[in-house]
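These values consider heavy atoms only, across backbone and side chains, with no hydrogens, waters or symmetry-generated copies. Every chain is numbered from 1 and lettered A, B, ... according to where its sequence line falls, protein lines coming before strand lines.
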Amino acid sequence: MNRYLIINLRRNGDILSSARLINSIIVNDNKSNVDILAYKEFKNAAKCLRQVDKFYFIDRKKILTLKKSSLFSDGFAINYFHKFMNEVKKNNFYKIINMSNDHVSAYMTSYLSENKKKYHGIRFSKNNTIESSNQWAMLFNEVLTEYQHTPIHYIDCYHKILEIPLKRGVKLLKSKSDHEEMASKNFSIIRKNISTSDIEKKIIGIQLKSSVRKKEISKEVLIATLKRLLESKKYFPVILIAPIEKERQYIKEINAHFDDSLVTVEADFLAVISVIKNLDLLLTPDTVVKHIADLINIPILEISLGNAPFLKQGIYNTKGIVLTDSLKKRIFKSNRKTSSQSNITDRDIIECIDYMFTEMKANLNLSTDVALYKTTQDALGVRYDLITGSYDPALEITRLMSRYYISVIMDVSNTFPREILRFSADSINKWVYDQKDHVNNATRNLLNTLRSLLSIKENLYKIQKFVWDLDKLLAYCNSSSIVAIPTLLFSAGIESISDTTNIKNIKNIERLIYKLKEHYQTAIICIKHLEKNCFDNHIKISREKLVESRKRGKRDGQLQI
Amino acid sequence: MKIPRISSYEIKISKTGHEVPVVNNIHLHSIYDPLKEADDFIKKNHKFLQNKKEILFLGLGFGYHIDSAREFLNEFHKGNYSIVIIEPNEQVTQDYISIRKIKDKNMHLYVKENIESLYFNKKLVSFLLKRPSIISHPPSFNLYKNYFKEFLTFKSPQRIGDMKRISFEKDLKKFINELDPESDIDSHIKNKLIQKKIIRNENEYLLLALYYMSKDSMTEIKK
């Protein structure tokens, strides 16, 4: 048996999301067992994963108490941690997968994988520099964390890191039969009570709270949405809460606006799985409940607010849509301040719910600075396409082109995203012009850097100029254009150089610069693809319009020569 | 910290016929009705006994308050409890054991222990990590005030050399012994490991992981 270890030191939602990767591993390798290493405080979520063979839960609270409290010697923390890791290490793992991407998991991965090449993701090398198992791991660590509008879903990236195709599974999460029975029975009663002879009302589950306040739907919008749902003849809301006092208190406050008539379901992780299965739709911010619904393929309307990393970890199944403030106004990084005011209204939410059941886009008339996205699939995995709403064409084109560009440099066969052609020719042409400018400027900086690097070979004292030029080149890491992608990868390469001699270091940097040059040239090729496609499309549309106008002309009795 | 000099010690009999130790003329229990006094004392502390099943008592005396606590804990927590008693006076403890003859597998006594060695006792440390309710026996606490205060405000030495009192596994012991005994772990990690270009021992990865864990770091490495 091949035993895989997934190190996932992140929170509940991230742990549950690993279900897809676990399923893919098992389906692709039928002699595999998959174990999980997680923090004990997230045990309840981890235990919902159906296909995990063994769990290793590290008591972080205990370690932190031992380490931080002045009462205890640090030796106890070291001793406990060492004992725990040694127990884990006793299993001769076939592969170790670092799914967390932080310092702790990377060092753990180094400890567990030693000299062997049996790790996936990132770890620290013997030179204490970041080591990536493949280009995708580097892309994940360098680009997905830094690039403003993540072009790839992190689940897809992990599959590429592991070099396995995603396999869709049916039963990814555990559930208890008595929970299933009770939930089914209760929801049957609800359906019976709410439906009339003409209309079968849809049950809309509403996840009330999120782990982070900024990600929550505001109380005012929630109350207004509930009012609309109750007034409508088509829908019936059911509130979902966790069995904690804070949430019970909150629903009490909300319920006071409805004479305590709201139907509320209180359920822990395991029970909520059975509850969600009975919903027609889940309305939720970015929460662990969203991930659960996503994994069991329940239709979801995700309200993406605050720092919620919609593009990186949004809903994955194709039965979902994401309502968000305009991407231009959003900041996805959790350590940055966001504006607390969202433009999403109750009316927007109801219109999106209508859309989910009718798919009539024409009826969607969202508020200013609000947009709606749907999940689609391409060769790289899940992609978020704009349905309607407020958008910045340059941003949308950059998103889609970044994705296409990555598939080209990572050698993934992916067709050109014709989705881009829905934007106006003017927008596309402007984008092309701007991007070419960015790439050309970056290339100029690259050549300056190369020249100053080569001059060091002759005279080591010219290093100052090289550093200055390199600094200017690395500034493109922060660019909002696609040139940031290869520059971020280049930057990672520079940081991992650890040779002891100047000559070797110079050689390595030179190699990296040539690689970057190649990537910049690829960027130009991709931009030209877009240019050509846009031109061809424009010709095609013009021809179609001409044919149409000729047909109209004939019908009008005009003679066409 | 030394225990205060014991200038006088005797055992008196209360009005209810119970033995009461008197140390330096301080009665450690009521000379009238030590059992009622103990019951009343424990009743005042019911909240702490309900909230936790791990209880740390500072001061043993002749254990009447402990008995009352045990009775309550047995009922409330259905026998699933753990009591640890810290008592600096060896003589009183020996008399307690021989006179009272109490045996309870859920009770553990630490007698006349050096404070530092208490905090290097693995079993006690495990118990303290469960964040027990702490109940001071007032007469004992007042009598040995400095000892108990030192216990409550103890600052463990963090020299690597002091860690030798902990029973590490073989490979970890060897690793720790090779480090500078005068340094502390955090300084070693910051000055030697983080700046270091070569990891020579796999345990260094663990130290680094521990260092970042203690910074509550869940953010991705690039950030």
Inset, instruction - Before giving the answer on side chain to side chain donor-acceptor pair (under 3.5 Å), spell out for A:S17 and A:H291 the whole-Å C-alpha distance, their side-chain angles and the decisive distance to 0.1 Å. - result: CA-CA 6 Å; A:S17 296; A:H291 290 288; 3.0 Å; yes
Legend entry - Intermediate values then yes/no, side-chain contact (heavy atoms from CB on, under 4.5 Å), B:L179 and B:K192: CA-CA 10 Å; B:L179 304 180; B:K192 299 269 167 73; over 6 Å; no
Inset, instruction - Go through A:E41 and A:R11 one step at a time and tell me if the salt bridge (Lys or Arg N to Asp or Glu O under 4.0 Å) criterion holds. - result: CA-CA 9 Å; A:E41 64 236 57; A:R11 295 183 170 89; over 6 Å; no
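Contacts of A:I78 with chain B are made by both backbone and side-chain atoms, with heavy-atom separations under 4.5 Å. Interface remark: B:I166 contributes side-chain atoms only to the contact with chain A (heavy atom separation under 4.5 Å). Proximity to chain A (any heavy atom under 4.5 Å) is shown, for B:Y211, by neither the backbone nor the side chain. No part of B:D184 comes within reach of chain A, as not one of its non-hydrogen atoms sits under 4.5 angstrom from that chain. Within the 4.5 angstrom heavy-atom criterion, only backbone atoms of A:S125 (N, CA, C, O) approach chain B. With a 4.5 Å cut-off on non-hydrogen atoms, B:R159 does not touch chain A at all. Residue B:L193 touches chain A through its backbone alone, counting heavy-atom pairs closer than 4.5 Å.
Chain A is approached within less than 4.5 Å, heavy atom to heavy atom, by no residue from residues 48-65 of chain B.
Chosen from A:L64, A:N128, A:L71, the residue pairing most often with chain B at heavy-atom distances under 4.5 Å is A:L71. Each of A:T109, A:D74, A:T65, A:I63 has some count of heavy-atom pairs under 4.5 Å with chain B, and the biggest count is that of A:D74. If you tally non-hydrogen atom pairs under 4.5 Å between each of B:I194, B:L207, B:I176, B:D171 and chain A, the highest count goes to B:D171. With chain A as partner, the option from B:Q158, B:K122, B:M163, B:K155 having the largest number of non-hydrogen pairs under 4.5 angstrom is B:Q158. Comparing B:I198, B:I185, B:L210, B:L172 by heavy-atom pairs within less than 4.5 Å of chain A, the highest count is held by B:L172.
Within a 6.0 Å sphere centred on CD of B:Q91, heavy atoms belonging to other residues, nucleotides or ligands number more than 12.
With respect to the salt-bridge test (charged N to carboxylate O, under 4.0 angstrom), the residues B:E178 and B:K174 qualify. A salt bridge between A:K89 and B:E202 is present, with a side-chain N of the basic residue lying under 4.0 Å from a carboxylate O of the acidic one.
Remark: aromatic rings of A:H149 and A:Y147 are distant, center separation not under 6.0 Å.
In this structure, the side chain of A:S18 engages the main chain of A:I15 through a donor-acceptor pair within 3.5 Å.
Classification of the A:Y158-A:Y154 ring pair by plane angle, with boundaries at 30° and 60°, yields perpendicular. Ring geometry, B:F41 versus B:H137: the interplanar angle exceeds 60°, so the pair is classed perpendicular (tilted spans 30 to 60°). Taking the six-membered ring where the residue is Trp, B:F72 and B:H46 present parallel rings, their angle staying beneath 30° rather than reaching 60°.
A donor-acceptor pair shorter than 3.5 Å can be found between the side chains of B:Y144 and B:N89.
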